Structure formats: C-alpha cells, structure tokens
Amino acid sequence: MKRYIRFSFLLLAVAAVLLTSCTNHPDVPSSSRAARCLPAIFPDYCDVTVPCNIAPLNFMLPADEYEECVARITTPDGQQQTYGKGVKVQIPEEEWHTMLAASKGKSMKVEVWGLKNGEWLSFSPFVIYVAEQPIDEYVSYRLIEPSYVAWTSMEIAQRNITTFEETQIFNNEITMNDNRIGQCINCHSYQNYKTDNMLFHVRLSNAATVIVNDGKVKKVNLKRDYTISSGVYPAWHPTAKLIAFSTNRTRQGFHTLNPNKIEVYDEASDLILYDVETDSVSVVSNDSTLLEVYPTWSPDGKWLYYCKSAPLPEEMNGKDIRTTYPKVQYNLYRRSFDVATHNFGDEELVYDAASQDKSATLPRVSPDGRYLLFARGQYGCFHIRHIDGDIFCMPLDEENPQFLDLRGLNSEGFADSYPTWSSNGRWIMVSSRRGDGNFSRIYISYFNNGKAEKAFMLPQKDPEQNTFRLKCYNRPEFMVEPVHTSVAEFAKVFDK
C-alpha cells in the first residue's frame, strides 16, 4: 500500500512537471494577422545588447489589451524554443543561459504573438544581441520610497544579476532604538568592486558609519570639531585604506507645481580624507564660499575627482539658499594624489559646466582611466530628482574633448542619474525614472567603442515585479562578489 501511494505521488509529480513544461513551451499560433510593428513588451528588450551571462530577459504584453502571449526564440545555430503563459514570457534560467552561450558574439531572434479580442496578432521580429563581454555578477542598491516618508522601511540589498537571487545587506529596522526613532541607511561603497573593504552610513537612531576592513566590521564617528558633519558621500581609494568623503549640511524642499517635485541641496559642503587604519580625518578642501561634493578616484588612485559649485552671480551673494538654489551649478575638478604622503596637488578644472549654463555631478572614471562619466542637469547636485537629468561621458586628457554618444542610455524627459562602470568598463549602469517619472529603476547599457547601446531594464523573474515593487533603486553599484558579512554581524556592532 505504501509503495502504491509513493508511486501515485510520483505519477502526480511527473504529470505536474509535464503540464508545466507544456504550459511554458506552447505551440505557435497556426494562423495570425500581421501587426506590422514591434510588440509593446514590458520591459522593452527589443534590439538590446546584453551581457553573455545576464539573467533571463522575461517580459510581458499589456494585460489590459491581450489575453495571451507566445514568444519563439531562435539561436544562431538553429535552436528554437517557445515560451508563454498568460501574457507573460518567463524563461527557465538553465535554458536561457544555454541560448546565451549559443549566441555569444551574435544575436537571438525573437518572434512574439499576442491574442487580442480572440484574434492572434504576429508582431515584427526583433533581436537580442549577446556581447562577448560578461557583466559583474552582483549589483547592490538601496530600496527606498520615491518620496519623503521619514525613513520608514528601508534596506540595502544585493542582487546576483546572472540569476534572480536578491538578499539583504542591511535594513533600518534592526537597530532602531526603543523610541522607534527613524533611521536612514545609505551610501554603500566598495574598494575596487570587492566587498571585504566596504562601508555604509546609518543616520539618526544609532548613527554611525559602518566600515568593513579586511572582513572585520566596526562603526566609526567621522565627525570632527573642524568638519561640517560626519562623512557623507564616500569613495574608497582603489588600493589604500583611505576613503574620500564630502561633509554636507543637506536640506530638502518640496514643490507643489514644479515637475521636479523635491529639491535636495547643500547649505555647506567640503571634502575630507579618512584613514581607516589610524581613524584620522584630514581636510582635502574646505572653501567656505563654495560647495564641494561627490569625490571619486581614478582607477590608479593618483587623482581625486569631485564637483565644486561655481561662484554665484554677484546679485545672488548673501541670499538664502532656498531662493538661490536654481542658480547653483557645479563644475568637475580633480587633484593629483600621492598615496605615500597623502598629499594633494593643485586643483585642476576638468569640465566647466557652468559656462554652458549646466551643472555636472557624480563623476565616475572608467576602469581603464580613459573616460569620465557624470550626471548633468540645469542646476543643483541631485539630478535623480530633475527631469532634465542625463548621463554624459567625455574622454580624459584630450585637449578639446567631445561628448560621446550616449543616446542609447539616456531617456527623454525623465531623470537619469547615479552612473557607474562595470569592472571591465564595458557596461554602464544608471538609476532612471523613465516610464512613470516616480520610481527609479536600474538600466544597463553596453559601452561599445565609445557609444552606448540601447539600455535595458534589470531583468526580474516576474516582469510585473518592476510595476508592483513600490520602491526606488537608489545608488546602484557593481560588485565582483557578494557582501559576505551577514545582516546579523552588521547589527552586532551597534551593541558595543
């Protein structure tokens, strides 16, 4: 009797697998009407270039227009497979990675059919180009509501982007005090894409900067009598146990009619250097009349790049920042650095944005040292809230550098910000509010010989997750490995 029951369960399991297989690999419609256009799939993966190790690019047709969707994918060697269940196309990871391997350096052909009002429509086929260059396996980001919510539920998460595995690095509910005072966690940073040396900030309740030094966790207070604040926006030196920070007195303003909705600005900001081994803070730059923010290192560690505000027009001097913020514009500068002495050279202007009536922020140097990425808008230092925010890239150390073609990366009429390079310099990742203007999501673009190809949204197991997850992806960073320190280990340092 027991054998019979076990055999019955086995048959049921096999039947379930077969049913699932039939559902996931449906037949192509025997007849259809040509729609003569590309399918309106979400996310839009039509004619994108992807890494050879990315997770499946699952997508869907609009559920309010279509009843069913079928997709057929053909690899260069002639392999074909169909997918579709309801209006969604969700591809098993193992099958997807097999197709990626077969298409490396070439492209896959994708054909889509949609059932609308009882009639099948066949759309124009598109391709997915598969680059030979892989992407870093991990990214991390802060998940936060799109508006000011007094730091309710917030976390820093990491994602294996070759799969769909997402785990927490830290969340802001673990160490809140008994009075439930709000806590903000932000600004995670890594040394040279690795995680044994990393940091993030905890503010308000149990405030501290949490630093991992050679895998050991400690919390530090970076505030000194001679600094504006503790460290804010960080950048690990690529080889030394040194971290550049800005120190800021930051404020927020809220608009009622302005499409930018929220304004984030500094009343004051300087640059400091923190020595992890000696717990010492030295001042890099502290011009009391100007604002200095967003430090970043060149990959060889010999240059510190940063943003500095241009002098305000004479008639604006001395006025309240709440009235002058639309006139505040930042240029890009750099200083040479001697790692042996910790001495900085004279300031050099890299890009004069203000002379073009623009503001440049968040510089990032490519791993080969050849290019400089940055965000640019009309004014200010927080372009993720500005609808004119776009990403720009320029060659370094050229006498008259010209901006590169990043049209494939930027969106039209939506904020694009937080640019960063993959460790091999072939992929650019940004946080963008394209689509709905409210939620920032991660987009990735292939950097192809100085040109950015069409960006694609970070894929999810369920394509609707990109709609239903009511969180913004903030400050995305590439990593070549996951954070090995557990949430519990991070929490322990607050008990000391």
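The structure displayed is predicted, hence computed values, not measured ones.
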### Message
Looking at M154, is its backbone amide N or carbonyl O close enough to the side chain of N171 to form a donor-acceptor pair, meaning the two atoms are under 3.5 Å apart?
### Response
no

### Task
Measure the shortest side-chain to side-chain distance between D270 and S285 over non-hydrogen atoms and say whether it is less than 4.5 angstrom.
no

### Query
Which pairs count as side-chain hydrogen bond (donor to acceptor under 3.5 Å, both in side chains) when at least one residue sits in residues 126-137, sequence neighbours excluded?
Q133-Y446, D136-S423

### Summary
For F403, the ring pair (Phe, Tyr, Trp, His ring centres under 6.0 Å) test, sequence neighbours excluded, returns Y351, F392

### Query
Would H188 and F170 count as a close aromatic pair, with their ring centres under 6.0 Å?
no

### Task
May I ask you to test the C52-P134 pair for a side-chain heavy-atom distance under 4.5 Å?
yes

### Query
Is there any salt bridge (Lys or Arg N to Asp or Glu O under 4.0 Å) pair reaching into residues 155-168, and which pairs are they, with sequence neighbours excluded?
E166-R469

## Note on the structure
Residues passing the ring pair (Phe, Tyr, Trp, His ring centres under 6.0 Å) test with H386, sequence neighbours excluded, are Y379, H383

### Summary
ring pair (Phe, Tyr, Trp, His ring centres under 6.0 Å) filter on Y418, not counting sequence neighbours, yields none

### Message
Before we go on, tell me: are the rings of Y330 and Y294 under 6.0 Å apart, centre to centre?
### Response
no

### Task
For residues K461 and N58, report the shortest heavy-atom separation together with the two atoms involved.
O-ND2, 3.0 Å

### Query
Does the side chain of D416 pick up a donor-acceptor pair with the side chain of S411 at under 3.5 Å?
yes

#### Entry: Charged N-O contact under 4.0 Å between E145 and K471
yes

### Query
Quick one: do the D462 and Q90 side chains pair a donor with an acceptor below 3.5 Å?
no

### Verdict with reasoning, S140 to Y190, per side chain to side chain donor-acceptor pair (under 3.5 Å)
CA-CA 10 Å; S140 57; Y190 310 97; 2.7 Å; yes

### Message
Using modelled atom types and a 3.5 Å cut-off, is there a donor and acceptor pairing between side-chain atoms of N192 and backbone atoms of K194?
### Response
no

#### Entry: salt bridge (Lys or Arg N to Asp or Glu O under 4.0 Å) contacts in which one or both residues fall within residues 251-263, not counting sequence neighbours
R251-E267

